[in-house]
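Because only heavy atoms are used, hydrogens play no part in the values below, and waters and symmetry mates are left out as well, while side chains stay in.
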Amino acid sequence: MVLQVMGAVNDDSSLAHSTFNDRNELDGFPLFDQFILNMLYHPRVRVGMTRDEVLPILPGVIQDIRGRVEAAAARRNPNAGQALTGMHLD
């Protein structure tokens, strides 16, 4: 799957609703993965940044991403916003 190539290097079996868990057989592009990839490819996150460099900008990145991902999810599925209310990303 192309999504696997774009995402995290190490799959994690604790990610229940993610294609980055090889034990899952999910169809489509799960909401969790949309957040992960949007953070990874956000313009403020650059290749080679250290954890200490990313942590201060992460709240702003998450806020920006949340708006875009929620809007895209709402366009695809009007009830999708309900699934976002329980996510704690900040």
Side-chain angles (χ1 to χ4, degrees):
M1 175 183 276
V2 173
L3 184 58
Q4 286 269 340
V5 174
M6 296 178 65
V9 175
N10 296 322
D11 284 352
D12 188 339
S13 61
S14 70
L15 301 174
H17 302 289
S18 174
T19 57
F20 303 117
N21 174 349
D22 285 338
R23 295 180 183 172
N24 284 340
E25 293 185 18
L26 300 172
D27 291 330
F29 188 19
L31 189 61
F32 178 82
D33 294 347
Q34 291 176 46
F35 276 97
I36 296 297
L37 289 180
N38 274 276
M39 282 189 282
L40 183 61
Y41 288 97
H42 192 277
R44 293 179 63 195
V45 177
R46 296 178 316 278
V47 173
M49 290 179 84
T50 66
R51 177 186 173 110
D52 289 339
E53 292 171 324
V54 172
L55 284 177
I57 65 167
L58 203 51
V61 168
I62 291 171
Q63 184 177 4
D64 179 46
I65 289 167
R66 179 172 274 170
R68 287 189 283 135
V69 170
E70 286 177 346
R75 285 191 301 273
R76 286 189 306 274
N77 178 0
N79 297 321
Q82 296 172 357
L84 294 171
T85 57
M87 293 186 77
H88 300 285
L89 296 173
D90 46 13

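Q63 CD: 12 or fewer foreign heavy atoms inside a 6.0 Å radius.
Atom NE2 in H42 sits 8.0 Å away from atom CD1 in I57 (nearest 0.5 Å). The line from CD of E70 to CZ of F35 is 6.0 Å long, rounded to the nearest 0.5 Å. Distance check, rounded to the nearest 0.5 Å: OG1 of T50 to CG of L55 gives 8.5 Å. Remark: L58 CG to M39 CE distance equals 6.5 Å, nearest 0.5 Å.
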task = Begin with the C-alpha distance, continue with both residues' side-chain angles, and end with the deciding distance and a verdict on side-chain contact (heavy atoms from CB on, under 4.5 Å) for V69 and L31.
result = CA-CA 8 Å; V69 170; L31 189 61; 3.5 Å; yes
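When every heavy atom of L40 is checked against every heavy atom of V45, the shortest pair comes out as O-CG1, 4.0 Å.
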